[in-house]
Every structure is written in C-alpha cells, then in structure tokens.
Amino acid sequence: MRIATWNVNSIRTRHGRVVDWLVNADVDVLAMQEIKCKDEQFPREGLEAAGYEVVTWGLNQWNGVAIASRLPITDVEVGFRGQPGFAKGHEGPDAPLEARALGATIDGVRVWSLYVPNGRALGDPHYDYKLRWLSALADDARAWMAANPGAPMALTGDFNVAPTDADMGDPSFVPGVSTHISPPERAAFAHLESIGLTDVVRPIQPDGYTFWDYKQLRFPRDEGMRIDFILGTPGFADRVVDARIEREQRKGDAPSDHVPVLVELASDEDDDDRPMIF
DNA sequence: ATGTCGGGCTATGCCCGA
C-alpha cells in the first residue's frame, strides 16, 4: 500500500494535477492539506472517476483537510480529541475549531491528515496556538497508542516545523526571529518523536525539501524547507519499505508550493521482503 | 523588490494568509 501526504494549496486549482499524480505514482491513499474550500465545494469528480473515495473537512476558504483512498475508508474522525480552536478575538478554550485534522482507517491503518497552524510570528497569538495544537496532538496520539498497542498509525501532513538546521534552506527564516525553527517549535516536534512516533521518510530520503515559497525564486535556487512529514507508530514504521519526496511536482504549470511525500508499506499479511518498487 | 500565489469580496483592485 502506498500512502502519501500533500499540501495542495487549493484543491480547486490543483485537482487535475493531483489526479494525474495519484494515477501515475500508483498511490492508494492521499492525505491532503489546504484544500481551501468547503466540503460541498470539493471537486470530487476526477478523483472518484479514478477510483478514489474522498472524505473532507473544509469549513471555509482557509485550511481544510481531506483523505482520498482506493481502499475503503472507515472510522472517519473530524478533528482530534482535545484539538484547540482559534479565531480572531476568540482565543479562549471555547474558540471555534479550524479544519486542520482528519483521521480515517484504511486497510487497518489509522491515517491522519494534519495541517499544523503556521504560527505567523514569534509572540503572535497564532504562535501560542501552534504550540498548544502540537501538544494536544501528542496527547491524543499517545492516548491512541496506549489504547491500540502495536497498531499502525501515521500522522501525516504539513507540520510547519523544520526540525533540523538542514531542513531550513530559506534565508528569510532567521534563527531567533522566525517561526518554524524556534526551539519551542522544535521541542514540540521532538515531543511527538519522544512518544514513539518516527519520521519514516528521513532514513530512506535523508535529504531534500518539501516546500519552496513561490516568492523570490526559492525553487530555482533550491531555498526550500522540509516541513511535510509522515510520522509512524512502531507498527507502521516496521512496514515501511520505501519512501520518496516528489520534487518533480514543484515544476510545470500551476504547482503547489509543497510537493507530495509518500511511503510504500509492506502488506500486513505476510513477512515477505518486498522489492523496492519505485 | 513586498519580486508569488491562493482565497474572498462586489471587484476588474484591495485585503488577508502563507
């Protein structure tokens, strides 16, 4: 089974490219972020014609997450337990949720499509929200892992954190000043790893960015950032046989500013070593 | 170069978010 994540930056602008890539890359499951539309506006036709079932959580023109799968989808969860909300002038515990997390089970694998808040600037209310959001995500993941020992789960998506210096190649992000590289954000990411989630792509693809800003020739200069990840429980990580960052998807007409990240999983029904398929 | 893209709005440019 091939599972991918992709911040598509508007599915209405990108659906043709998304379907083409899914079919060409033979992807079974795609977690999307920044669909930037309401559920009823999501262009499902091309995906469904290509054999994909689609579940979405889109509230308005901002954020929005979705999962498309060629295998049956069950146990859809809109938002995670304890997910903090956020809205202008509404920063308390009863702030409305944003459409940033969607969970589903596919062929026995729990898959989350996550769009972590950007943070905007150090000290901005959105930055505190980002840290609370990541902390609550870890709490929910830890509770799920305790209740489902050994089970495969992947937290996939745009984490908006560059965990190491090598993951930050955009010179406009300055240590001590900028989001995405601040110690608290990196600690929040490391905390996800400390509860038993593993970046399953990095051991296979140690280099490469997943995002390049549209501005200032960031892609031609390869001044990107590695901020999109697939974090797996041990029961997920043990089945990963290959991984890929689809840099080619940053090229051509109307690309997203992010590229897909995907992994190939061995079947859970046999222990045969699978050949590397990519 | 604040140099690019998305979205909405009531518009044919301006605002917001990334």
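Note that the structure is a prediction, hence the values are computed from the model and not measured.
Between A:R250 atom CZ and B:dT4 atom P the separation is 12 Å, expressed in whole Å.
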- Which nucleotides of nucleotides 6-18 of chain B have their base under 4.0 Å from a protein heavy atom (B), which only their sugar-phosphate (S), and which neither (-), written as one string 5' to 3'? BSS-------BSS

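Between A:D158 and A:R100 there is no salt bridge, since no side-chain N of the basic residue sits under 4.0 Å from a carboxylate O of the acidic one. No salt bridge links A:R2 with A:D28; every basic N to acidic carboxylate O contact stays at or beyond 4.0 Å. Between A:D20 and A:R17 there is no salt bridge, since no side-chain nitrogen of the basic residue lies less than 4.0 Å from a carboxylate oxygen of the acidic one.
In the hydrophobic cluster analysis, where Ile, Leu, Val, Met, Phe, Trp and Tyr join through side-chain heavy atoms closer than 4.5 angstrom, A:F229 is grouped together with A:F80.
Residues satisfying the side-chain contact (heavy atoms from CB on, under 4.5 Å) test with A:T13, not counting sequence neighbours, are A:S10.
Spacing between B:dC16 and B:dT10 at atom P, rounded to whole Å, works out to 14 Å.
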